[in-house]
Amino acid sequence: MKNNLFLDAAFSKQTERPPVWMMRQAGRFMPQYWEIKNKYSFLEMCKTPEIAADVTMLPVDLLDIDAAILFCDILVTGEAMGGDLSFTQGVGPKFANPVRTAQDIENLNVDCLDELQYVADAIKVIQQRLDGNIPLIGFAGAPFTVMSYLIEGGSSKDFKLTKLFIHNQPELAHKLLAKIAKVTTDYLNLQIAAGVNAVQIFDSWALALSWNDYQEFSHRYIQEIIANLNRKDIPVISFCKGSSVFAPIMAEAKPDVISVDWNADLLNIKNALPKGIAVQGNLDPHILYADKAVIKAQIHKLFERMRGTEGFIFNLGHGIMPDIPFDNVKYAIEVVKEFRY
């Protein structure tokens with residue numbers, strides 16, 4: 001690997017500057033993304049290896065980031081298990097056959113890796129194009145987050161159906177979560193076998209849960225997944241919205257990196273974690289709307305706070321919003337890359 005900054009930081013080594021990549025770095029804020037998106041549906045983009053590679057490479061070629069992340073979606077595991085998944089512009093993901101009953105759960109297939117082979121094929125194409133210049137990050141949705149989409153039938157503001165399900169039918173919820181966890185483990189190991197250099201687990205909706213419910217319905221399954229990954233030389237990043245609250249529990253799953261939202265002081269989180277767990281984050285993505293002088297000042301403020309800390313990857317507290325100016329994202333990455341401790 002010609003650029004080891006990301007992998008070194010992920011394994012808690014000291015680096016000359018923080019490595020930088022951003023969640024949703026290949027996405028809707030890029031005019032070049034829309035040139036591709038206007039020709040294909042979202043799922044066509046995910047399922048056609050050459051197109052997935054084209055999109056994955058956009059931030060590599062245009063932003064010069066320190067790590068690429070596979071272009072795909074967290075819900076492909078739910079689809080592979082039997083979910084009827086679609087994406088509609090302005091609406092988002094929908095499952096036409098939500099999972100609500102014991103029979104619905106019974107019908108879900110866990111031996112579905114063949115349905116996800118297109119992801120392995122895309123990884124191979126991407127790695128040929130990266131040619132060892134920077135690492136490639138694979139990813140999957142965490143079981144609770146995937147379950148919430150399956151139960152709600154799509155996005156939700158209050159997760160009412162999901163929370164009723166876990167409270168009224170906890171045994172069924174655990175049966176469903178166990179199935180998703182099995183598929184997620186197999187899927188991440190498929191990505192590792194195909195050649196990714198790191199993996200991230202996204203628990204995008206963990207913040208909907210109380211402390212006790214997070215432990216019971218999310219953490220235990222992430223812990224199970226991480227314990228069963230073929231993770232030799234492959235750093236594992238654990239991210240959730242709510243990581244500023246849940247980081248002490250997240251650490252018990254023994255990830256290499258905890259990706260932190262923007263609601264906490266990053267150094268305080270780092271110092272409270274066991275030695276050897278790196279942190280990733282945690283700039284508020286809304287700062288990227290601001291003037292460039294503000295962007296630079298906020299990044300430098302974070303870096304001065306983290307000065308002397310090994311195991312720090314710069315990222316946002318969550319993903320880039322679609323209407324953030326491309327030039328501001330590019331400028332932020334330039335600021336990071338010019339910084340030296």
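- Using a 4.5 Å heavy-atom cutoff, the side chains of I201 and F139 are not in contact.
- Shown here for L43 and E79, the closest heavy-atom pair between the two residues is CD1-OE2, 4.0 Å.
- Using cut-offs of 30° and 60° on the angle between ring planes, the pair H286 and Y289 is tilted.
- Atom CZ of F87 sits about 6.5 Å away from atom SG of C46, to the nearest 0.5 Å.
- Atom NZ of K301 sits in a sparse spot, with 12 or fewer heavy atoms from other residues, nucleotides or ligands closer than 6.0 Å.
- Distance check, rounded to the nearest 0.5 Å: OG of S243 to CE of M250 gives 5.0 Å.
- Of the residues listed (W262, W205, F239), the one engaging H318 in a ring pair (Phe, Tyr, Trp, His ring centres under 6.0 Å) is F239, and it is the only one.
- Aromatic ring pairs are classed by plane angle as parallel below 30°, tilted from 30° to 60° and perpendicular above 60°; the pair F326 and F29 is parallel.
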Apply the test side chain to side chain contact (heavy atoms under 4.5 Å, CB included) to residues F6 and F314: give CA-CA distance (whole Å), side-chain angles for both, the deciding distance (0.1 Å), then the verdict.
CA-CA 9 Å; F6 167 80; F314 176 78; over 6 Å; no

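- Note: F303 and F312 have perpendicular aromatic rings, judged against thresholds of 30 and 60 degrees for the angle between ring planes.
- One hydrophobic cluster, built from ILVMFWY side chains closer than 4.5 Å, cannot hold both L5 and I234; they sit in different ones.
- For the atom pair OG1 of T162 and NE2 of H167, the computed distance is 10.5 Å after rounding to the nearest 0.5 Å.
- Aromatic pair F42/Y40: centroids not less than 6.0 angstrom apart.
- Although no hydrogens or angles enter the test, the distance criterion places a donor-acceptor pair under 3.5 Å between the side chain of D73 and the main chain of L75.
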Check the pair L130 / I134 against side chain to side chain contact (heavy atoms under 4.5 Å, CB included), numbers first and verdict last.
CA-CA 7 Å; L130 287 174; I134 58 171; 3.8 Å; yes

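- Ion pairing between a basic and an acidic side chain is recognised when a charged N comes within 4.0 Å of a carboxylate O; E152 and R100 show no such pairing.
- Connection of L164 to M147 is not established within any shared hydrophobic cluster, with ILVMFWY side chains joined at heavy-atom distances below 4.5 Å, either directly or through further cluster members.
- Side-chain atoms of N328 come within 3.5 Å of backbone N or O of A290 as a donor-acceptor pair.
- The number of heavy-atom neighbours closer than 6.0 Å to CG of D114, taken from other residues, nucleotides and ligands shown, is 12 or below.
- Scanning both residues, K182 and V110, for their nearest heavy atoms gives CG-CB, 4.3 Å.
- Between I36 and Q32, the closest side-chain pair of non-hydrogen atoms is not below 4.5 Å.
- The pair D265-K270 does not meet the salt-bridge criterion, since no charged nitrogen lies less than 4.0 angstrom from a carboxylate oxygen.
- Side-chain contact between L190 and I123 is absent, with no heavy atoms from C-beta onward closer than 4.5 Å.
- Counting only N and O atoms by type, the side chains of D203 and T145 include a donor and acceptor under 3.5 Å apart.
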Might you work through the side chain to side chain donor-acceptor pair (under 3.5 Å) test for R231 and N189, ending with a clear yes or no?
CA-CA 8 Å; R231 62 190 290 197; N189 280 330; over 6 Å; no

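- Residues T309 and M306 are in side-chain contact: their nearest non-hydrogen atoms beyond the backbone lie under 4.5 Å apart.
- Crowding of K2 atom NZ: a count of heavy atoms from other residues, nucleotides or ligands under 6.0 Å exceeding 12.
- For the pair N197/I137, no side-chain contact is recorded, criterion being any heavy-atom separation below 4.5 Å from C-beta on.
- Ionic pairing of D327 and K292 is not present here: no N-O contact between side-chain nitrogen and carboxylate oxygen is shorter than 4.0 angstrom.
- Within the model, atoms OG of S238 and CD of E252 stand 11.5 Å from one another, a figure rounded to the nearest 0.5 Å.
- Atom CD of residue Q215 and atom CH2 of residue W211 lie 6.5 Å apart, to the nearest 0.5 angstrom.
- M22 is not listed as a side-chain neighbour of I69, based on a closest heavy-atom distance of 4.5 Å or more.
- Closest approach of I65 and A68 over heavy atoms only: CD1-N, 4.1 Å.
- Evaluated for a side-chain hydrogen bond (donor to acceptor under 3.5 Å, both in side chains) with R129, the options T56, D54, D61 yield exactly one hit, D54.
- Two residues are said to be in side-chain contact when any heavy atoms from C-beta on lie closer than 4.5 Å; F339 and I299 fail this criterion.
- Between I226 and P255 there is a side-chain heavy-atom pair separated by less than 4.5 Å.
- L207 and V260 fall into different hydrophobic clusters, where Ile, Leu, Val, Met, Phe, Trp and Tyr side chains are chained together by heavy-atom contacts under 4.5 Å.
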Under the side chain to side chain donor-acceptor pair (under 3.5 Å) criterion, do Q117 and D121 qualify, and how do the steps go?
CA-CA 6 Å; Q117 182 58 40; D121 294 340; 3.0 Å; yes

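- Under a 4.0 Å N-O distance rule, the pair E106/K175 qualifies as a salt bridge.
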Show your reasoning for whether ring pair (Phe, Tyr, Trp, His ring centres under 6.0 Å) applies to F95 and Y149.
CA-CA 7 Å; F95 282 106; Y149 280 100; 7.3 Å; no

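- Taking every heavy atom of both residues into account, L108 and K179 meet most closely at O-NZ, 2.7 Å.
- A salt bridge between K337 and D64 is present, with a side-chain N of the basic residue lying under 4.0 Å from a carboxylate O of the acidic one.
- To the nearest 0.5 Å, atom CD of residue Q223 and atom CG of residue N228 are 11.0 Å apart.
- Within a 6.0 Å sphere centred on NZ of K254, other residues, nucleotides and ligands contribute 12 heavy atoms or fewer.
- Residue I313 is not grouped with residue F11 when hydrophobic side chains (ILVMFWY) are merged at heavy-atom distances under 4.5 angstrom, including chains of intermediate members.
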Given the rule in the ring pair (Phe, Tyr, Trp, His ring centres under 6.0 Å) test, do H219 and F246 qualify, once you have shown the distances and angles that lead to the verdict?
CA-CA 9 Å; H219 166 67; F246 296 133; 9.8 Å; no

Walk me through whether V55 and M45 qualify under side chain to side chain contact (heavy atoms under 4.5 Å, CB included).
CA-CA 8 Å; V55 181; M45 292 164 69; 3.9 Å; yes

Please walk me through it: do I277 and I258 pass side chain to side chain contact (heavy atoms under 4.5 Å, CB included)?
CA-CA 7 Å; I277 295 183; I258 290 177; 4.0 Å; yes

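- When all heavy atoms of L188 and A140 are compared, the pair lying nearest together is CD2-CB, 3.7 Å.
- Taking hydrophobic clusters as Ile, Leu, Val, Met, Phe, Trp and Tyr residues chained together by side-chain heavy-atom distances below 4.5 Å, L136 shares a cluster with L62.
- A salt bridge does not link D213 to K163: none of the charged side-chain nitrogens sits closer than 4.0 Å to a carboxylate oxygen.
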Just do the salt bridge (charged side-chain N to carboxylate O under 4.0 Å, His left out) check on D66 and R17 with the steps written out, would you?
CA-CA 11 Å; D66 293 313; R17 66 164 172 84; 2.8 Å; yes

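- When every heavy atom of A206 is checked against every heavy atom of Y214, the shortest pair comes out as CB-CE1, 3.8 Å.
- Between the side chains of Q103 and N107, at least one donor-acceptor pair of N or O atoms lies under 3.5 Å.
- For S244 and D261, the side-chain atoms include at least one donor-acceptor pair closer than 3.5 Å.
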